[in-house]
S.K.: 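First the structure, which I've put down as structure tokens, then a few questions once you've had a look.
These numbers come from the heavy atoms of this one structure, side chains and all, not from hydrogens, waters or symmetry mates. By convention here, the first residue in the shown sequence is residue 1.
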Amino acid sequence: MGALEVREGFTALYGTAPEGVWAAPGRVNLIGEHTDYNDGFVMPFALPHTTLAAVARRTDGVLRLHSADMPGAPVELRVADLTPESDRNWTAYPAGVVWALSQAGHEMTGADIHLSSTVPTGAGLSSSAALEVVVALALNDLHGLNLRGWQLARLCQRAENIYVGAPTGIMDQTASACCEAGHALFLDTRDLSQRQIPFDLAAEGLRLLVVDTRVGHAHSDGEYGRRREGCEKGAALLGVDALRDIPADGLDAALDRLGDEEEVRRLVRHVVTENARVERVVSHLQSDDLRSIGPILTEGHISLRDDFRVSCPELDLVVDTALAAGALGARMTGGGFGGSAITLVEETDVEPVTEAIEKAFTTAGHTPPRVFEAVPSAGAHRVD
């Protein structure tokens with residue numbers, strides 16, 4: 001559904017035209033997994049898949065939410081009654097943004113919102129962040145708040161952490177709000193400094209495929225939270241503010257200090273080595289040496305599978321099959337426990353790698369995966 005259809009859908013629902021239509025993308029994380037809530041480095045880029053929002057302000061304190069992708073009439077809430085963790089439905093994400101803006105001192109007088117999304121849900125591609133950011137950007141523009149992309153991302157993270165109750169880091173919202181077309185975003189999640197790194201795969205005869213395993217996952221479940229708590233425990237035991245503060249050349253000494261805390265040792269090892277992998281990928285991209293990032297992606301998957309333990313059989317099958325079929329590198333992307341994997345391939349290998357993955361899933365009796373090319377795209381913006 002395009003901007004015109006979303007605008008017309010809004011008018012049909014609410015009986016008046018919206019004040020505008022905005023878009024915010026999903027994202028793929030090229031490298032840097034589970035580092036964002038450890039003050040570390042990440043490197044996402046935006047997808048062409050977006051969430052669209054047609055929005056108009058209200059003055060009576062009523063918030064009406066509707067999605068073309070969900071059955072039912074608009075959900076009506078009152079801004080004054082919004083309460084953290086009171087909503088377990090999709091509406092918690094846009095409502096949480098309104099709540100976070102209000103909590104930050106911005107007067108929210110209500111709104112009518114109509115949404116539609118092409119970002120696959122449950123695929124580890126940040127459909128929730130796209131939903132949050134598109135609403136935040138629309139309200140920012142309509143109310144003249146003049147908040148910058150990183151500020152909107154912070155508010156959206158607060159909405160997801162406190163209102164929704166999902167302990168996610170800052171990466172997803174920042175990627176959706178701040179990415180640029182043709183670039184990957186090198187983000188330091190400690191100080192939110194950003195560098196746009198050119199990432200033109202096609203010019204090098206390469207493609208990056210996303211494989212949605214269709215295995216659903218949920219960031220608000222216990223496993224993700226336990227990993228985060230384990231990382232925080234590791235930082236406390238090592239006497240640092242965050243695992244970001246453990247340098248790669250100090251990893252062995254840090255692991256020795258953790259003694260028999262085996263679970264914590266694994267988590268620490270992943271985070272420290274993953275931060276180093278992000279920096280290696282940045283170096284290769286800046287040297288126009290894109291093919292050399294392939295093995296680094298694969299190293300990252302092995303670490304996520306064996307140390308962080310957030311992979312699953314379907315994700316491992318994608319990685320193993322892609323590599324056997326000639327891919328330059330592959331890894332799971334996103335929080336894990338399902339979702340998607342990425343694989344870096346030569347342009348000429350797109351079809352054979354895709355066919356090999358699809359065949360492997362059929363042979364294993366899994367639901368057929370969805371495979372598509374990831375093209376670095378623009379961050380959130382107004383579209384009309």
Side-chain angles (χ1 to χ4, degrees), residues 1-24 50-117 127-165 173 176-177 379-384:
M1 183 179 292
L4 179 60
E5 290 85 356
V6 173
R7 171 178 281 276
E8 292 174 343
F10 181 101
T11 302
L13 274 171
Y14 299 123
T16 186
E19 295 183 80
V21 179
W22 289 260
T50 62
T51 296
L52 294 170
V55 183
R57 288 166 291 179
R58 298 176 64 97
T59 59
D60 58 0
V62 171
L63 176 64
R64 292 195 291 183
L65 303 169
H66 184 267
S67 171
D69 309 308
M70 304 295 289
V75 174
E76 185 169 313
L77 306 166
R78 293 199 63 82
V79 174
D81 296 336
L82 298 178
T83 305
E85 299 195 56
S86 60
D87 186 352
R88 294 300 178 187
N89 300 307
W90 69 269
T91 49
Y93 296 94
V97 170
V98 175
W99 171 85
L101 285 164
S102 297
Q103 289 287 304
H106 305 293
E107 186 179 4
M108 293 290 108
T109 58
D112 288 336
I113 300 175
H114 176 56
L115 299 144
S116 179
S117 183
S127 59
S128 60
L131 176 53
E132 293 157 0
V133 169
V134 75
V135 171
L137 179 62
L139 295 174
N140 180 58
D141 288 355
L142 291 175
H143 288 279
L145 304 180
N146 296 315
L147 297 173
R148 299 173 64 184
W150 67 268
Q151 294 172 304
L152 294 176
R154 276 288 196 205
L155 285 166
C156 290
Q157 182 198 19
R158 180 173 169 80
E160 188 152 347
N161 287 173
I162 299 176
Y163 195 90
V164 178
Q173 292 85 358
S176 187
H381 57 283
R382 188 166 181 162
V383 295
D384 73 329

S.K.: Using modelled atom types and a 3.5 Å cut-off, is there a donor and acceptor pairing between side-chain atoms of His66 and backbone atoms of Gly72?
M.R.: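 It does hold such a pair.
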
S.K.: Check whether any side-chain heavy atom of Leu82 sits under 4.5 Å from a side-chain heavy atom of Ser102, and report yes or no.
M.R.: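 In short, these two side chains do not touch, never coming nearer than 4.5 Å.
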
S.K.: For atom CH2 of Trp150, is the number of surrounding heavy atoms from other residues, nucleotides or ligands below 6.0 Å larger than 12?
M.R.: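 For Trp150, atom CH2 is not crowded (no more than 12 foreign heavy atoms under 6.0 Å).
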
S.K.: What are the two closest heavy atoms between Ala17 and Thr11, and how far apart are they?
M.R.: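 In terms of heavy atoms, the two residues are closest at CA-OG1, 3.6 Å.
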
S.K.: Give me the atom names and distance for the closest heavy-atom approach of Ala130 to Thr51.
M.R.: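 Shortest heavy-atom separation between Ala130 and Thr51 comes out as CB-OG1, 3.6 Å.
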
S.K.: Can you list the residues that meet the salt bridge (charged side-chain N to carboxylate O under 4.0 Å, His left out) rule with Glu76, with sequence neighbours excluded?
M.R.: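 Partners of Glu76 under the salt bridge (charged side-chain N to carboxylate O under 4.0 Å, His left out) test: none.
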
S.K.: Less than 4.5 Å apart, any side-chain heavy atom of Val133 and any of Leu152?
M.R.: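 With C-beta onward as the side chain, the pair stays apart.
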
S.K.: Quick check: closest heavy atoms across Ala54 and Phe10, and the distance to 0.1 Å?
M.R.: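 Taking every non-hydrogen atom into account, O-CD1, 3.4 Å.
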
S.K.: Please tell me if the side chains of Ser116 and Glu5 come closer than 4.5 Å, counting only heavy atoms from C-beta onward.
M.R.: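 No, every pair of side-chain atoms sits at 4.5 Å or beyond.
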
S.K.: Which heavy atom of Ala95 sits nearest to which heavy atom of Leu77, and what is that distance?
M.R.: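 Ala95 and Leu77 have their closest heavy atoms at CB-CD1, 4.0 Å.
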
S.K.: Using side-chain heavy atoms (C-beta onward) and a distance below 4.5 Å, is Val62 in contact with Arg78?
M.R.: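 Sidechains of Arg78 and Val62: in contact.
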
S.K.: I'd like to know if the side chain of Thr50 reaches the main chain of Leu52, judged simply by a donor and an acceptor atom lying under 3.5 Å from each other, with no hydrogens or angles considered.
M.R.: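 Side chain of Thr50 to backbone of Leu52: no pair is present.
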
S.K.: Considering all heavy atoms of both residues, which atom of Leu115 and which atom of Trp90 are nearest to each other, and what is their separation?
M.R.: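 Nearest heavy atoms, Leu115 then Trp90: CD1-CZ3, 3.6 Å.
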
S.K.: Any donor-acceptor pair under 3.5 Å linking the side chain of Thr83 with the backbone of Asp81?
M.R.: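 Flag set: sc Thr83 to bb Asp81 pair under 3.5 Å.
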
S.K.: When you compare the side chain of Val6 with that of His114, does any pair of heavy atoms fall below 4.5 Å?
M.R.: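 With C-beta onward as the side chain, the pair touches.
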
S.K.: Within a strict 4.5 Å, meaning less than it, do heavy atoms of the Asp384 and Leu4 side chains meet?
M.R.: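 They are not in side-chain contact.
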
S.K.: Calculate, to the nearest 0.5 Å, the distance between atoms OG and CG belonging to Ser67 and Asn89 respectively.
M.R.: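 Result: 12.0 Å between the selected atoms.
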
S.K.: Compile the donor-acceptor pairs under 3.5 Å between side chains in residues 141-149 and protein atoms, sequence neighbours left out, one pair per line.
M.R.:
from: Asp141; atom 1: OD2; to: Trp22; atom 2: NE1; distance (Å): 2.8
from: Asn146; atom 1: ND2; to: Gly144; atom 2: O; distance (Å): 3.4

S.K.: To the nearest 0.5 Å, how far apart are CG in Leu155 and NE2 in His106?
M.R.: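 One gets 6.0 Å once the value is rounded to the nearest 0.5 Å.
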
S.K.: Quick one: salt bridge (charged side-chain N to carboxylate O under 4.0 Å, His left out) partners of Arg154, sequence neighbours excluded?
M.R.: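 None.
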
S.K.: Could you work out, with salt bridge (charged side-chain N to carboxylate O under 4.0 Å, His left out) as the rule, every residue matching Arg57, not counting sequence neighbours?
M.R.: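 Expected list: Glu19.
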
S.K.: Work out which heavy atom in Ala129 is nearest to a heavy atom in Ser176; give both atom names and the distance.
M.R.: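 Looking at all heavy atoms of both residues, the closest pair is O-OG, 4.2 Å.
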
S.K.: Taking only residues two or more places apart in sequence, or in another chain, which ones meet Arg64 in a salt bridge (charged side-chain N to carboxylate O under 4.0 Å, His left out)?
M.R.: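 Counting only residues at least two positions away or on another chain, Arg64 forms a salt bridge (charged side-chain N to carboxylate O under 4.0 Å, His left out) with Asp112.
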
S.K.: Between Thr109 and Gly61 (side chain of the first, backbone of the second, donor and acceptor by atom type, cut-off under 3.5 Å), is there such a pair?
M.R.: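 No: the side chain of Thr109 does not pair with the backbone of Gly61.
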
S.K.: Restricting to ring-ring contact (aromatic ring centres under 6.0 Å, His included), what partner residues turn up for Trp99, sequence neighbours left out?
M.R.: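 ring-ring contact (aromatic ring centres under 6.0 Å, His included) check on Trp99 returns Tyr163.
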
